[in-house]
Peer 1: 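The structure's right below; bear with me while I get my questions together.
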Amino acid sequence: MNVRPDFPSYIAEMKWRGFFEQCTDEAALGELMATGPLTGYAGFDPTAESLHIGSLVPIMGLVHLQRHGHRPIAIVGGGTAMVGDPSGKTELRQMLTVADIDRNLAGIRAQLARFIRLADGPGAGPLDGLMIDNGDWLRDKGYIEFLRDIGRHFSVNQMLTRDSVKSRMETGLSFLEFNYMILQAYDFLMLNRDYGCRLQVGGSDQWGNICSGIDLCRRVNRAEVYGLTYPLIQTATGEKMGKTAAGAVWLDAGRTSPYDFFQYWVNVDDRDVSRFLRMYTLLAPAAIEELEKLQGADIRQAKQALALEVTTLVHGEAAAQASLAAAQAAFGGGGDAAAIPSSAHAASEFAGEGLSLIDVLAAVGLVDSKGEARRLVRQGGVKVNGDAVADEQRRLVAADIRDGRVVLQLGKKRHHHLRVDG
RNA sequence: GGGGGGGUUCCCGAGCGGUCAAAGGGAACAGACUGUAAAUCUGUCGGCGUACGCCUUCGGAGGUUCGAAUCCUCCCCCCCCCA
């Protein structure tokens, strides 16, 4: 099975792109995938209405699967979200209501559809992806029935040796959380039974859960299935992906504007560029290798390419180009500033005394408090139309309006335009 | 059920009657330096106010005191040991 020109196989591409950490049986999986289409899945948390950058890796894992002629399934844990994965977490996850989860599922489905050709229900093409809610089989499962059918296949002794559990022995974990791996293994079992699914991809922290699923499939379905893990992605500075001052970087344009999304990628650490190009874009290896040759300040070009590609994948070509133009306007001169975050204001607001700069900064959300705004001014971090503001009492008046807008700048990177009408 | 140790500002972690908006570190933000990078140095880092200041915060609710994160009572939660 090979429909990709650049790579002989899915596994080869996953390796080249840095998605390959560990595989339960690489040779067997490779052979299986070479003989025909295979169904594989990855899981997503429906803890919010939108996915964020952290989900991009499993998403891309599914994208590559589909591009290699296999069928991807995105399983969204509508059932398991009510439990919570113990690994890495110090606290019990807050529980979501069914209504919350259903709303989140709808949002996530729309986002996944941007990446994967989805076609649920009858009439789906054989390789079209599916999004499945494990609540379908988990919510109505009776406890006794579940224990008898599934529970008997699990050894507590073995469960206790899993890292996800071991790491919690000090701080403690609830029985509820302890069950997470069983529920997850059950997902694999059901996907195998109902969809012939034979592969699970997940983060390396999911290795234990994946192995549990494989064992369960073997015992109950007598099916040989496989697992493949990707490394947990951290930035060069050891941070989790997608954390910024403003919080998580979301895929939803309403939560993180395409411009801010674009900027996130432009601002990644030099050391991360190569890795990210491989993981988060679909650029051909030759193109990526060219970009990887760039040195010093030229690395910025690679970052722009990265930002442009990822933003295109998530928000579309037009939004990506507009973000690029806006970034050029903000940082280089030239370019079209339209995509820079802005807010609308009436000309009358600027008449006479005008507006307090401090108040405006807080009102448009550039700062969290007026105290922060004042501090910023004191430290010389605020500019109006390019000129540093020295006076905390600064007011924005009619004279500050240039070509229908007032350009605000915080620090070196944050920009906001006040659009003034009439 | 018994005994012991804990819950502090975004995180870790000091404080243990006033000098505490609370040490120190990390994160974050700003400035310098740069390449919209990193590293480094400097500054800032609860809210409101130009400011002497005022308000809110140390698991929760009461109480003692001129005054509490610090003492007392009850409650909730976590960890360890014993049963």
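These numbers were taken from a predicted model, which means no experiment stands behind them. Every heavy atom of this structure was used, including side-chain atoms; hydrogens, water molecules and symmetry mates were not. Throughout, a chain's letter reflects where its sequence line sits, starting with A, and its residues are numbered from 1.
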Peer 1: Not counting sequence neighbours, list each pair that qualifies as a side-chain hydrogen bond (donor to acceptor under 3.5 Å, both in side chains) and has a residue in residues 380-389 of chain A.
Peer 2: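 Sorted pair list comes back empty.
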Peer 1: If you measure from the C1' atom in B:G49 to the same atom in B:U36, how many Å do you get, rounded?
Peer 2: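 Per the computed distance, 35 Å lies between those C1' atoms.
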Peer 1: Are A:Tyr280 and A:Trp265 an aromatic pair, judged by ring center distance below 6.0 Å?
Peer 2: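 Yes.
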Peer 1: Expressed in angstrom and rounded to an integer, what is the separation of A:Asp269 atom CG from B:A27 atom C1'?
Peer 2: 16 Å
Peer 1: Any side-chain N or O of A:Arg300 under 4.0 Å from OP1/OP2 of B:U36?
Peer 2: yes
Peer 1: With rounding to the closest Å, how many angstrom separate the P atoms on B:U44 and B:A38?
Peer 2: 22 Å
Peer 1: Would you say A:Glu349's side chain and A:His345's backbone share a donor-acceptor pair under 3.5 angstrom?
Peer 2: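 The answer is no, because no donor-acceptor pair under 3.5 Å joins these two groups.
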Peer 1: Taking atom P in both B:A69 and B:C54, compute the distance separating them and give it to the nearest angstrom.
Peer 2: 16 Å
Peer 1: Which one, B:C29, B:A37, B:A38, comes nearest to the side chain of A:Lys413?
Peer 2: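 Among the listed nucleotides, the one closest to the side chain of A:Lys413 is B:A37.
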Peer 1: Between protein and nucleotides 40-47 of chain B, map the contacts as a letter string: B base, S sugar-phosphate only, - none, heavy atoms under 4.0 Å, written 5' to 3'.
Peer 2: ---BSS-S
Peer 1: Rounding to an integer number of angstrom, what distance separates B:C76 and B:G62 when you compare their C1' atoms?
Peer 2: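 Pairwise C1' distance, B:C76 against B:G62, rounds to 15 Å.
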Peer 1: In residues 302-319 of chain A, which residues come under 4.0 Å of RNA chain B by heavy atom?
Peer 2: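 Under 4.0 Å from RNA chain B: A:Lys303, A:Gln304.
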Peer 1: Can you tell me how far C1' of B:G31 sits from CG of A:Leu410, to the nearest Å?
Peer 2: 13 Å
Peer 1: Let me know the distance between CG of A:Leu376 and C1' of B:A28, rounded to the nearest Å.
Peer 2: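 Distance, rounded to whole Å: 12 Å.
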Peer 1: To the nearest 0.5 Å, tell me how far A:Leu29 CG sits from A:Ile11 CD1.
Peer 2: 4.0 Å
Peer 1: Go ahead and name the base partner of B:A30; Watson-Crick or wobble counts if both distances stay under 3.5 Å, otherwise write none.
Peer 2: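 The answer is B:U42, by the H-bond criterion.
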Peer 1: In whole Å, I'd like the distance from the CD atom of A:Gln393 to the P atom of B:A51.
Peer 2: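 Computing the A:Gln393:CD to B:A51:P distance gives 9 Å.
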Peer 1: Can you tell me how far apart CZ (A:Arg414) and CG (A:Leu361) are? Round to the nearest 0.5 Å.
Peer 2: 9.5 Å
Peer 1: Can you find an N or O donor on one side and an acceptor on the other, under 3.5 Å apart, linking the side chain of A:Asp270 with the base of B:G35?
Peer 2: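 Yes.
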Peer 1: Name the nucleic acid region contacted by A:Val382, choosing base, sugar-phosphate or nothing; use a 4.0 angstrom heavy-atom cut-off, strictly under.
Peer 2: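 A:Val382: no heavy atom of the nucleic acid under 4.0 Å.
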Peer 1: Quantified in whole Å, what is the P atom distance between nucleotide B:C74 and nucleotide B:G25?
Peer 2: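 About 39 Å, rounded to a whole number of Å.
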Peer 1: Would A:Lys15 count as a cation-pi partner of A:Phe20, with NZ or CZ less than 6.0 Å from the six-membered ring centre and within 45° of the ring normal?
Peer 2: yes
Peer 1: Applying side-chain hydrogen bond (donor to acceptor under 3.5 Å, both in side chains), run through A:Asp6 and A:Trp16 and close with a yes or a no.
Peer 2: CA-CA 11 Å; A:Asp6 297 310; A:Trp16 188 83; over 6 Å; no
Peer 1: Please state whether the phosphate of B:A30, meaning OP1 or OP2, lies under 4.0 angstrom from any side-chain nitrogen or oxygen of A:Arg414.
Peer 2: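 Yes, within the criterion.
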Peer 1: For the residue pair A:His64 and A:Tyr10, is the inter-centroid distance of their aromatic rings smaller than 6.0 Å?
Peer 2: no
Peer 1: If pairing requires Watson-Crick or G-U wobble contacts with both distances under 3.5 Å, which nucleotide is the partner of B:U57?
Peer 2: none
Peer 1: Over all heavy atoms of both residues, which pair between A:Leu105 and A:Pro46 is shortest? Give the atoms and the distance, please.
Peer 2: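 The answer is CD2-CB, 4.0 Å.
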Peer 1: Assign each of A:Ile299 and A:Lys383 to its nearest nucleotide of RNA chain B by heavy atoms, then name whichever residue's nucleotide is nearer the 5' end.
Peer 2: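 Comparing both residues, the 5'-ward one is A:Lys383.
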Peer 1: Which value, in whole Å, describes the distance between the P atoms of nucleotides B:C29 and B:G46?
Peer 2: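 Between the two P atoms, the distance is 16 Å.
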Peer 1: Distance between the C1' atoms of B:G15 and B:U57, in whole angstroms?
Peer 2: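 Here B:G15 and B:U57 have their C1' atoms 15 Å from each other.
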Peer 1: Please report the distance separating the C1' of B:G24 from the corresponding atom of B:C71, rounded so that it comes out in whole Å.
Peer 2: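 Here B:G24 and B:C71 have their C1' atoms 27 Å from each other.
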Peer 1: May I have the distance from A:Glu392 (atom CD) to B:A30 (atom C1'), rounded to whole angstrom?
Peer 2: 14 Å
Peer 1: Are A:His415 and A:Tyr259, when compared by the centres of their aromatic rings, separated by less than 6.0 Å?
Peer 2: no
Peer 1: Using a 4.0 Å heavy-atom cut-off across all strands, classify A:Lys412 as base, sugar-phosphate, or nothing.
Peer 2: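 Touches a base.
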Peer 1: What I want to check is whether the side chains of A:Arg395 and A:Ser356 have a donor and an acceptor closer together than 3.5 Å.
Peer 2: no
Peer 1: Nearest whole Å is fine: how far is B:C48 C1' from A:Asp359 CG?
Peer 2: 12 Å
Peer 1: Mind checking who B:A37 pairs with, Watson-Crick or G-U wobble, both distances under 3.5 Å?
Peer 2: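 Matched B:A37 with nothing under the 3.5 Å cut-off.
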Peer 1: What is the nucleic acid contact for A:Asn267, judged by heavy atoms within less than 4.0 Å: base, sugar-phosphate only, or nothing?
Peer 2: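 Base, at least one base heavy atom under 4.0 Å.
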Peer 1: Any base atoms under 4.0 Å from A:Ala327, or only sugar-phosphate, or nothing? Heavy atoms, all strands.
Peer 2: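 Since a base atom lies under 4.0 Å of A:Ala327, the category is base.
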